[in-house]
Amino acid sequence: MGKSFSESYKEAGVDITAGYKAVELMKEHIAKTMVFGRMSDIGGFGGSYELDLTGYEHPVLVSGTDGVGTKIRLAILMDRHDTIGIDCVAMCVNDIICVGAKPLFFLDYIACGANKPEKIAMIVKGVADGCVQAESALVGGETAEHPGLMPIEDYDLAGFSVGIVDRDKALDKKNVREGDAVIALPSTGVHSNGFSLVRKVFDIETADLFMPRVELEGKSLGETLLTPTAIYVKPLLALIEHAQVRSAAHITGGGFYENIPRALPDGLSVRIKRKDVRVLPIFDLIAKTGNIPERDMFNTFNMGVGMAVIVAPEDAEKAIRFLQEMGTDAYLLGEVVSGNQGVIME
């Protein structure tokens, strides 16, 4: 018997042969991640990863899952699908490194109205590129056609990451002290949060996504918004080995006011001077175009800060210098103070 084929299934809207072609096209991209862990070839019923516990006294597995959200609509409108996968990886690995965990492996899930192999392969290319940045193995995934449930051109993308950390070396907000320094790791833009508001503000379905804009330093709106989420795995894990990192917060949906308090114990807050926040031009444009109050902006978007890292005050300068030497333009964002206000913006 040859490779399976069902004419009846194809007439119902699912072309299983397209799935085979998509798998063949994506194999070269997945191969780039195999250096980060021994595993089985793609196509089996489960992805495998050989776990090396050398150097771990009390190994703890840390997992995270997330999707890209409505940013995908922008990718569809621009017909650019090779970077959206980086966002998917970033949204997962940037969460688990806040515990100090090193990402080990990743799986993706793509639901689509129709399986167009070249497009699916481009999506997976982005996932693989993100995994390379995170030094994580892409051990498998799933592509599902949903005719009748989703329009033919539509798709959704989600992912799942597993990492490892030694229990005694895990970042714990209980270690945060009054007087600790808060360091900002810059974002690359809107990342992958708040796009329901972004799409409304710019009326994205009818906006000119390709015209260069002075407000965006000559870049187009589409290019700026589609810029993939920064992946902070390498700089943060390296910093943990060189400084007293107490805690970290991935600034995603909910902005400063929701995410930074998640890295703090009861009784402590973070004081930030508004003038010290290096806000990117895209956020000024969103606020101006949508007439959005500043409080709402900081409670929705990252505002130019993708990760907030809390370190011992005596290590602040050393940590900033180390991060800058790694190519991350880190800077002092604020300090930890007493109180239960969460984030105090001055």
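These numbers come from a predicted model, not from an experiment.
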A.B. asks: Around atom CG of Asp208, are there more than 12 heavy atoms of other residues, nucleotides or ligands at under 6.0 Å?
C.D. replies: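 More than 12 heavy atoms, drawn from other residues, nucleotides or ligands, come within 6.0 Å of this atom.
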
A.B. asks: Rounded to the nearest 0.5 Å, what's the gap from CZ on Phe256 to CE on Met345? Could you check?
C.D. replies: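 Here the interatomic distance stands at 5.5 Å.
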
A.B. asks: Check for a donor-acceptor pair, side chain of Glu335 on one end and backbone N or O of Ala181 on the other, with a separation under 3.5 Å.
C.D. replies: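 Such a contact is absent between Glu335 side chain and Ala181 backbone.
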
A.B. asks: Suppose clustering is done on Ile, Leu, Val, Met, Phe, Trp and Tyr with side-chain heavy atoms closer than 4.5 Å. Which residues sit in the same group as Val60?
C.D. replies: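 Other cluster members: Val62, Ile96, Val99, Val165.
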
A.B. asks: If every non-hydrogen atom of Pro228 is compared with every non-hydrogen atom of Thr188, which pair is closest and at what distance?
C.D. replies: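 Looking at all heavy atoms of both residues, the closest pair is O-OG1, 2.7 Å.
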
A.B. asks: At what distance, to the nearest 0.5 angstrom, does CZ of Arg295 lie from OG1 of Thr300?
C.D. replies: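 It is 10.0 Å, given to the nearest 0.5 Å.
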
A.B. asks: State whether the number of non-hydrogen atoms from other residues, nucleotides or ligands found under 6.0 Å of Arg199 atom CZ is greater than 12.
C.D. replies: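 Yes, the 6.0 Å shell around CZ holds more than 12 heavy atoms from other groups.
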
A.B. asks: Which residue in the set Leu74, Leu221, Leu209, Asp87 passes side chain to side chain contact (heavy atoms under 4.5 Å, CB included) when paired with Leu226?
C.D. replies: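 For Leu226, the side chain to side chain contact (heavy atoms under 4.5 Å, CB included) check succeeds only for Leu74.
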
A.B. asks: Can you name the closest pair of heavy atoms from Ile240 and Val245 and give their distance?
C.D. replies: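 It is CA-CG2, 3.9 Å.
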
A.B. asks: Can you label the angle between the Tyr232 ring and the His250 ring as parallel, tilted or perpendicular, going by 30° and 60°?
C.D. replies: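 Ring orientation of Tyr232 relative to His250: perpendicular.
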
A.B. asks: Are the aromatic ring centres of His191 and Phe301 under 6.0 angstrom apart?
C.D. replies: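 His191 vs Phe301: aromatic centres not under 6.0 Å.
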
A.B. asks: What distance do Lys102 atom NZ and Tyr56 atom OH have between them, rounded to the nearest 0.5 Å?
C.D. replies: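 That separation rounds to 7.0 Å.
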
A.B. asks: Report yes if the side chains of Val89 and Asp108 come closer than 4.5 Å at any heavy-atom pair, otherwise no.
C.D. replies: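 The answer is no, as the side chains (C-beta and beyond) never meet within the 4.5 Å cut-off.
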
A.B. asks: If you apply the rule salt bridge (charged side-chain N to carboxylate O under 4.0 Å, His left out), what do you find for Arg274 with Asp276, and how did you get there?
C.D. replies: CA-CA 5 Å; Arg274 169 63 178 82; Asp276 290 337; over 6 Å; no

A.B. asks: Between Ser247 and Ile310, is there a donor-acceptor pair closer than 3.5 Å when you use the side chain of the first and the backbone of the second?
C.D. replies: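 No, the answer is negative, given that no donor and acceptor are paired below the 3.5 Å cut-off.
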
A.B. asks: Taking all heavy atoms of Leu332 and all of Val182, pick out the closest pair and write down the distance.
C.D. replies: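 That would be CD1-O, 3.6 Å.
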
A.B. asks: List in chain and number order the residues that pass salt bridge (charged side-chain N to carboxylate O under 4.0 Å, His left out) with Asp315, two or more places apart in sequence or in another chain; answer none if no residue qualifies.
C.D. replies: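 For Asp315, the residues satisfying salt bridge (charged side-chain N to carboxylate O under 4.0 Å, His left out) (neighbours in sequence not counted) are Lys318.
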
A.B. asks: Is it the case that atom CD in Glu314 sees more than 12 heavy atoms from other parts of the structure closer than 6.0 Å?
C.D. replies: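 Result for CD/Glu314: enclosed.
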
A.B. asks: Under a 3.5 Å distance rule, please check whether Asp166 uses its side chain to pair with a backbone N or O of Glu57 as donor and acceptor.
C.D. replies: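 Checking the backbone N and O of Glu57 against the side chain of Asp166, a donor-acceptor pair under 3.5 Å is found.
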
A.B. asks: Could you measure the distance from the CD1 atom of Ile286 to the CE atom of Met297? Nearest 0.5 Å is fine.
C.D. replies: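 CE of Met297 is found 5.0 Å from CD1 of Ile286.
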
A.B. asks: Taking CD in Glu215 as the centre, count heavy atoms belonging to other residues, nucleotides or ligands within less than 6.0 Å. Is the count above 12?
C.D. replies: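 Enclosed: over 12 neighbouring heavy atoms sit under 6.0 Å from CD of Glu215.
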
A.B. asks: Decide, yes or no, whether a salt bridge links Asp329 with Arg278 under the criterion of side-chain N to carboxylate O below 4.0 Å.
C.D. replies: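 Yes, charged N to carboxylate O under 4.0 Å.
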
A.B. asks: Side-chain contact, heavy-atom cut-off 4.5 Å: Cys131 with Gln133?
C.D. replies: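 Cys131 vs Gln133: side chains apart.
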
A.B. asks: Is any side-chain N of the basic residue among Glu153 and Lys116 closer than 4.0 Å to the acidic one's carboxylate O?
C.D. replies: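 Salt bridge: yes.
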
A.B. asks: Should the pair Phe105 and Tyr49 be assigned to parallel (<30°), tilted (30 to 60°) or perpendicular (>60°) ring geometry?
C.D. replies: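 Geometry flag for Tyr49 against Phe105: tilted rings.
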
A.B. asks: When you look at CG of Asp203, are more than 12 heavy atoms from neighbouring residues, nucleotides or ligands closer to it than 6.0 Å?
C.D. replies: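 Enclosed: over 12 neighbouring heavy atoms sit under 6.0 Å from CG of Asp203.
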
A.B. asks: I need the Arg213 CZ to Leu285 CG distance, nearest 0.5 Å.
C.D. replies: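 If we round to the nearest 0.5 Å, Arg213:CZ and Leu285:CG are 6.0 Å apart.
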
A.B. asks: Using atom types as modelled and distance alone, determine if a side-chain donor or acceptor of Ser269 lies under 3.5 Å from a backbone N or O of Val337.
C.D. replies: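 Between the backbone of Val337 and the side chain of Ser269 there is no qualifying donor-acceptor contact (under 3.5 Å).
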
A.B. asks: Side-chain contact test, heavy atoms from C-beta onward, threshold under 4.5 Å: evaluate it for Ile320 versus Ile183 and give yes or no.
C.D. replies: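 Side-chain contact under 4.5 Å: yes.
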
A.B. asks: Can you find a pair of side-chain heavy atoms, one from Phe298 and one from Tyr257, that are under 4.5 Å apart?
C.D. replies: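 Contact flag for Phe298/Tyr257 side chains = yes.
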
A.B. asks: Is any side-chain heavy atom of His58 closer than 4.5 Å to one of Asp168?
C.D. replies: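 With C-beta onward as the side chain, the pair touches.
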
A.B. asks: More than 12 heavy atoms of other residues, nucleotides or ligands under 6.0 Å from CD1 of Ile344: yes or no?
C.D. replies: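 Yes, enclosed.
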
A.B. asks: To the nearest 0.5 Å, what is the distance between NZ (Lys125) and CD (Glu118)?
C.D. replies: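 So the NZ of Lys125 and the CD of Glu118 are separated by 15.0 Å.
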
A.B. asks: Compare every heavy atom of Ser338 with every heavy atom of Leu268, then report the nearest pair and how far apart it is.
C.D. replies: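 Nearest heavy atoms, Leu268 then Ser338: CD2-CA, 4.0 Å.
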
A.B. asks: So do the side chains of Tyr155 and His81 get within less than 4.5 Å of each other, counting heavy atoms only?
C.D. replies: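 They are in contact (side-chain heavy atoms under 4.5 Å apart), so the answer is yes.
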
A.B. asks: Would you call Thr70 and Val198 a side-chain contact if the rule is heavy atoms closer than 4.5 Å?
C.D. replies: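 No; the side chains remain at least 4.5 Å from each other.
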
A.B. asks: Evaluate the side chain to side chain contact (heavy atoms under 4.5 Å, CB included) criterion for residues Leu225 and Phe195: first the C-alpha distance (whole Å), next the side-chain angles of each, then the deciding distance (0.1 Å), finally the verdict.
C.D. replies: CA-CA 9 Å; Leu225 293 174; Phe195 269 83; 4.1 Å; yes

A.B. asks: Sort out for me which residue in Arg271, Lys273, Lys275 forms a side-chain hydrogen bond (donor to acceptor under 3.5 Å, both in side chains) with Glu346.
C.D. replies: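 So, applying the side-chain hydrogen bond (donor to acceptor under 3.5 Å, both in side chains) to Glu346 and each of Arg271, Lys273, Lys275, only Arg271 qualifies.
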
A.B. asks: Keeping the roles fixed (side chain from Asp154, backbone from Gly113), state whether a donor-acceptor pair exists under 3.5 Å.
C.D. replies: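 Flag not set: sc Asp154 to bb Gly113 has no pair under 3.5 Å.
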
A.B. asks: Give the C-alpha distance, both sets of side-chain angles, the deciding distance and a yes or no for side chain to side chain contact (heavy atoms under 4.5 Å, CB included) between Ile123 and Thr143.
C.D. replies: CA-CA 11 Å; Ile123 297 170; Thr143 302; over 6 Å; no

A.B. asks: Of the non-hydrogen atoms in Lys173 and Pro265, which two are nearest, and what is the gap between them?
C.D. replies: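 Looking at all heavy atoms of both residues, the closest pair is O-CD, 3.2 Å.
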
A.B. asks: Would you say Thr229's side chain and Ala90's backbone share a donor-acceptor pair under 3.5 angstrom?
C.D. replies: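 No, Thr229 side chain to Ala90 backbone: no donor-acceptor pair under 3.5 Å.
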
A.B. asks: Is the closest side-chain heavy-atom distance between Ser220 and Met211 below 4.5 Å?
C.D. replies: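 Not in contact.
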
A.B. asks: Donor-acceptor check, side chain of Asp180 to backbone of Val336, threshold 3.5 angstrom: yes or no?
C.D. replies: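 Between the backbone of Val336 and the side chain of Asp180 there is no qualifying donor-acceptor contact (under 3.5 Å).
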
A.B. asks: Ignoring hydrogens and geometry beyond distance, is a side-chain donor-acceptor pair present between Asn193 and Thr252 at under 3.5 Å?
C.D. replies: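 There is no such pair between these side chains.
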
A.B. asks: Looking only at heavy atoms, which two atoms of Ala238 and Met326 are closest? And how far apart?
C.D. replies: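 Ala238 and Met326 have their closest heavy atoms at CB-SD, 3.7 Å.
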
A.B. asks: Does any N or O in the side chain of Thr227 come within less than 3.5 Å of the main-chain N or O of Gly189, such that one atom is a donor and the other an acceptor?
C.D. replies: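 Judged by distance alone, no pair lies under 3.5 Å.
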
